[in-house]
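Structure first, then comments.
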Amino acid sequence: MALLPILRYPDPRLTKIAAPVENIDDDIRRLAADMAETMYEAPGIGLAATQVNVHKRLIVIDISETRDELLTLINPTIVVADGHQVYEEGCLSVPGIYDKVERAATVTVRYLDLDGQECSLDTDGLLAVCVQHEIDHLNGKVFVDHLSRLKQERIRSKLAKQARITA
Ligand code: K1U
Ligand code: ZN
């Protein structure tokens with residue numbers, strides 16, 4: 001397995017729309033394993049393939065405290081979304097920035113697992129937030145895009161300053 005580099009906002013590659021996975025083969029299984037390792041090491045509770053510069057519709061999530069409830073979702077689609085919730089989100093591509101985002105309170109997501117089986121997940125709370133956050137990545141959107149223009153500008157300049165310091 002391998003740790004993969006994570007793209008940082010405002011890298012334009014984070015705005016690409018990911019293509020559906022056509023074949024669940026060993027390459028996809030290896031990518032999923034590498035993404036899980038990268039998410040656990042970061043550490044994070046989710047990761048989308050877009051964030052590691054692979055533009056395929058694949059996400060990994062583990063919101064458990066024990067870090068042993070890995071979900072791998074291929075070609076995830078939200079088929080039902082209901083209600084509203086506000087959660088303070090972070091993002092491995094936007095390090096050190098946290099802000100409140102409003103999203104659906106409950107979602108039903110359909111996806112394929114690593115065996116190509118069709119699955120459906122009804123979820124709420126943090127898992128629903130995380131699923132929506134990761135599917136946003138596959139659609140070229142980061143949580144910052146949900147914030148005001150002023151906040152987006154402040155975040156861009158803060159991250160640019162950090163990048164200059166660490167260069
Ligand atoms: O997609 C990502 O960048 C991962 C992101 C997922 C996420 C967090 C919060 C709300 C919605 C989606 C993260 O994992 S940021 C790091 C984080 O939240 C965390 C890290 C370690 C332990 C617990 C949480
Ligand atoms: Zn993110």
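Order of appearance sets the numbers: ligands from 1, and atoms from 1 within every ligand. The chain is numbered in sequence order, starting from 1. Owing to the predicted nature of the structure, the values given are computational and were not obtained by experimental measurement.
Atom 8 (C) of ligand 1 has its nearest heavy-atom neighbour, among Leu47, Ile6, Ile45, Ile61, in Ile45. Taking each of His133, Arg67, Arg103 in turn, the one with a heavy atom nearest to atom 11 (C) of ligand 1 proves to be His133. Considering each of Glu134, Glu88, Gln132, the one bringing a non-hydrogen atom nearest atom 1 (O) of ligand 1 is Glu134.
Between the side chains of Tyr40 and Asp62, at least one donor-acceptor pair of N or O atoms lies under 3.5 Å.
Every atom of ligand 1 with a heavy atom of Gln51 under 4.0 Å away is listed here by number and element: 1 (O), 2 (C), 3 (O). Atoms of ligand 1 lying under 4.0 Å from any heavy atom of Val129, numbered from 1 in the order shown and given with element: 11 (C). If you number the atoms of ligand 1 from 1 as listed, the ones under 4.0 Å from a heavy atom of Gly44 come out as 14 (O), 20 (C). For ligand 1, the atoms sitting less than 4.0 Å from at least one non-hydrogen atom of His137 are 1 (O), 3 (O), numbered in the order shown with element in parentheses.
Any N or O atom pair closer than 3.5 Å counts here, and Ser93 shares no such pair with ligand 1.
Each of Val107, Thr106, Val129 was evaluated against Thr123; a single residue qualifies, Val107, per the side-chain contact (heavy atoms from CB on, under 4.5 Å) test. Paired with Arg103 under the rule salt bridge (Lys or Arg N to Asp or Glu O under 4.0 Å), one option of Asp136, Asp82, Asp124 passes, and it is Asp136.
With respect to atom 4 (C) of ligand 1, the closest heavy atom belonging to the protein is Gly46 O, 3.1 Å. Of all protein heavy atoms, the one closest to atom 20 (C) of ligand 1 is Pro43 O, 3.3 Å. Regarding atom 5 (C) of ligand 1, its nearest protein heavy-atom neighbour is Gly90 O, 3.8 Å. Distance from atom 3 (O) of ligand 1 to its nearest protein heavy atom, with residue and atom name: Leu92 N, 2.7 Å.
The shortest non-hydrogen separation linking Asn75 to Pro20 is OD1-CA, 3.4 Å.
The existence of a salt bridge linking Asp11 and Arg8 is excluded, since no basic side-chain nitrogen approaches an acidic carboxylate oxygen closer than 4.0 Å. A salt bridge is absent between Lys100 and Glu89; no separation between the charged side-chain nitrogens and carboxylate oxygens falls under 4.0 Å.
Listing protein N, O or S atoms at distances below 2.8 Å from the Zn ion (ligand 2), with waters left out, gives Cys91 SG, His133 NE2, His137 NE2.
Open room surrounds CD on Glu118; 12 or fewer heavy atoms of other groups in view lie less than 6.0 Å from it.
With rounding to the nearest 0.5 angstrom, the CD atom of Glu22 is 12.0 Å from the CD1 atom of Ile74. Here the CG-CZ distance, from Asp145 to Phe143, works out to 10.0 Å after rounding to the nearest 0.5 Å.
Here the side chains of Leu3 and Asp34 are not in contact, with every heavy-atom distance at 4.5 Å or above.
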